[in-house]
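Each chain gets a letter, A, B and so on, in the order the sequences are listed, and its residues count up from 1.
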2 protein chains.
Amino acid sequence: MNRDEVRITKFKHPYVTVDCVVFGFDEGDLKIILIQRANAPFKNKWALPGGFVRLNESLEQAAIRELKEETGIKDVFLEQLYTFGRVGRDPRTRVITVAYYALVNRTGHLITAATDAKTADWFLVKQLPMLAFDHQTIIDTALTRLRGKVRYEPIGFELLPEKFTLSRLQHLYEVILERNLDKRNFRKKILSMKLLIALNEREKDVAHRAAQLYKFDAQKYKELKRRGFNFEI
Amino acid sequence: MNRDEVRITKFKHPYVTVDCVVFGFDEGDLKIILIQRANAPFKNKWALPGGFVRLNESLEQAAIRELKEETGIKDVFLEQLYTFGRVGRDPRTRVITVAYYALVNRTGHLITAATDAKTADWFLVKQLPMLAFDHQTIIDTALTRLRGKVRYEPIGFELLPEKFTLSRLQHLYEVILERNLDKRNFRKKILSMKLLIALNEREKDVAHRAAQLYKFDAQKYKELKRRGFNFEI
DNA sequence: TCAAAAGTGTTCTTGATACACCCATGC
DNA sequence: GCATGGGTGTATCAAGAACACTTTTGA
């Protein structure tokens, strides 16, 4: 069955879905959003937000739409992860899923009630329930990608609120990379890139010296990258 | 249209193909395989080898099968690249394609006549003809991936014959990365990893001093990687 | 004997790592 | 005044970059 030989009128072909692994960083922990399924198969099991791709929308549009419909989340970092197509991964019929991962800063994105009354909630990445389909595999793949990518692209900032402290940023990296970083070396490295803007503001309501707040200079990064600069932690 | 709500019996859904970007390194140049289309759309235009995914095969199996059917190539490095799903990328109907890229050493993989008499041939990556569908975009994506990956995974060896000289290896990197490398530093770096086995053999039939032949120690790399070693050029 | 590529070390510069104490603030 | 995290500098070590000449071989 080569592309050229086939007359496309009707022949049985796989269904296509998108699924989203939505990462958040809250209370110092890495979390993801899961949806509780209302119907068979895997009724009442937890699963990734996602659904079928429509004929008139791109894959990314489908991911954005499903994310909004099922979790209320919009305007976030979203990137294609991998496409999973094992025969039998869906017990109903042949379904290929194009997985995406998203990074959100949780304060800006509280989950709204999903349109169809399904339950959506945040789970600690380290304490996930049993998942529907091959969604655990998808999450494992997303975690590997996140850990790899966070080191050479400034995507960590997507998980933080606009204004953050250096300690918070360091802690984010420590949680994702699962190892401790030296405070002085981390600050030296990150500040030497000149990609953080020190604000005229400090932390509030903390029971210790209030830390300097920074924001990430996305504009400057874009410009530096264009000129061959490589972000690296 | 959420996964839960849909009753999967029949509803119109996208078609799914796989396409393969097959890289080869020959006569000091980076090349890829293209197939000349025998039918509409894009009749007589060049395109990537590929075709429709069957219901009873995984995505990777489909890629392997199409590669063999259309080019005769088998048993090569193959990795999923990206999934392209723009609406309108195929003028006939909605088709989503899962792209793979392959690395072959050309001496071991001469193209056989394709099963269906379509023409397959190697093209210089730097001199490609007009391509069907969005295949130029797919190739650009594959090149970016190859350039990125070759630096931190030992995949370059997949493009060379089993036995090769250090100069040949260096030249491969220079062609892929599009910059010159210092001979002494390159040799120092690559040999310091202790991943090359010096053979009791030298080049033959060259009009100059015959160079030492090496082979890549895949077994040792696997072991080192397991213990946290990172390949890097 | 000439052309062509193989092969080989050292110096310098830069970035990574290791490491400990004082400071500001709220309670 | 004490507990808590904020904030800072230096010395050592390792890796990367720059750089030129001799050797071997076939034609």
For atom [atom1] of [X] and atom [atom2] of [N], their distance in whole Å:
| X | N | atom1 | atom2 | answer |
| --- | --- | --- | --- | --- |
| A:Q170 | D:dT8 | CD | C1' | 14 Å |
| B:H171 | C:dA5 | NE2 | P | 11 Å |
| A:L181 | D:dG7 | CG | P | 17 Å |
| A:Q212 | C:dC23 | CD | C1' | 15 Å |
| A:I233 | C:dT17 | CD1 | C1' | 15 Å |
| B:K204 | D:dT25 | NZ | P | 14 Å |

Inset, instruction - May I ask you to check whether over 12 heavy atoms, not counting those of A:K215, lie within 6.0 Å of atom NZ? - result: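 Atom NZ in A:K215 is not packed in, count stays at 12 or less.
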
Inset, instruction - May I ask you to decide if the ring planes of B:F216 and B:Y221 are parallel, tilted or perpendicular, using 30° and 60° as cut-offs? - result: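 B:F216 and B:Y221: tilted rings.
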
Inset, instruction - Mark yes or no for whether A:Q170, through its side chain, and A:L181, through its backbone, hold a donor-acceptor pair below 3.5 Å. - result: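 Such a contact is found between A:Q170 side chain and A:L181 backbone.
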
Inset, instruction - Taking B:K220 for its side chain and B:K194 for its backbone only, find out whether a donor-acceptor pair lies under 3.5 Å. - result: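 Checked: pair present.
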
Legend entry - Taking every non-hydrogen atom, the tightest pair across A:P49 and A:V22: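 Here A:P49 and A:V22 meet closest at CG-CG2, 4.5 Å.
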
Legend entry - Flag side-chain contact, heavy atom, 4.5 Å: B:W46 against B:T119: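 SC-SC contact between B:W46 and B:T119 confirmed.
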
Legend entry - Residue met sooner reading DNA chain D from 5', once A:Y214 and B:V206 are mapped to nucleotides: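 This one resolves to A:Y214.
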
Legend entry - NZ/NE/NH1/NH2 to OD/OE distance under 4.0 Å, B:E178 and B:R147: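 The answer is yes: the pair qualifies as a salt bridge.
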
Legend entry - Residue of the set B:E153, B:K149, B:E60 for which side-chain contact (heavy atoms from CB on, under 4.5 Å) holds with B:E79: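 Only match with B:E79 under side-chain contact (heavy atoms from CB on, under 4.5 Å): B:K149.
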
Legend entry - Centroid-centroid distance, B:F23 to B:F25, less than 6.0 Å: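 Not under 6.0 Å, so no.
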
Legend entry - A:F84 ring center within less than 6.0 Å of A:Y82 ring center: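 That pair passes the under 6.0 Å test.
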
Under 3.5 Å between N/O atoms: give me all the protein pairs with nucleotides 1-4 of chain D, atom names plus distance.
none

Legend entry - Angle by which the axis turns from one end of the helix from C:dT1-D:dA27 to C:dC27-D:dG1 to the other, five pairs per end, to 10 degrees: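 Taking five pairs per end, the axes differ by 0°.
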
Inset, instruction - Specify the residues of residues 182-203 of chain B, ordered by number, for which at least one heavy atom lies under 4.0 angstrom from an atom of DNA chain C. - result: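 Contacts with DNA chain C under 4.0 Å: B:K183, B:R184, B:R187, B:K188, B:R202.
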
Legend entry - Value rounded to 0.5 Å, distance of CG in B:L48 from NE2 in B:H135: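 Nearest 0.5 Å value for the CG-NE2 distance: 5.0 Å.
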
Legend entry - Under-4.0 Å side-chain N/O to phosphate OP1/OP2 contact, B:S167 with C:dA6: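 B:S167 to C:dA6 OP1/OP2: side-chain N or O found under 4.0 Å.
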
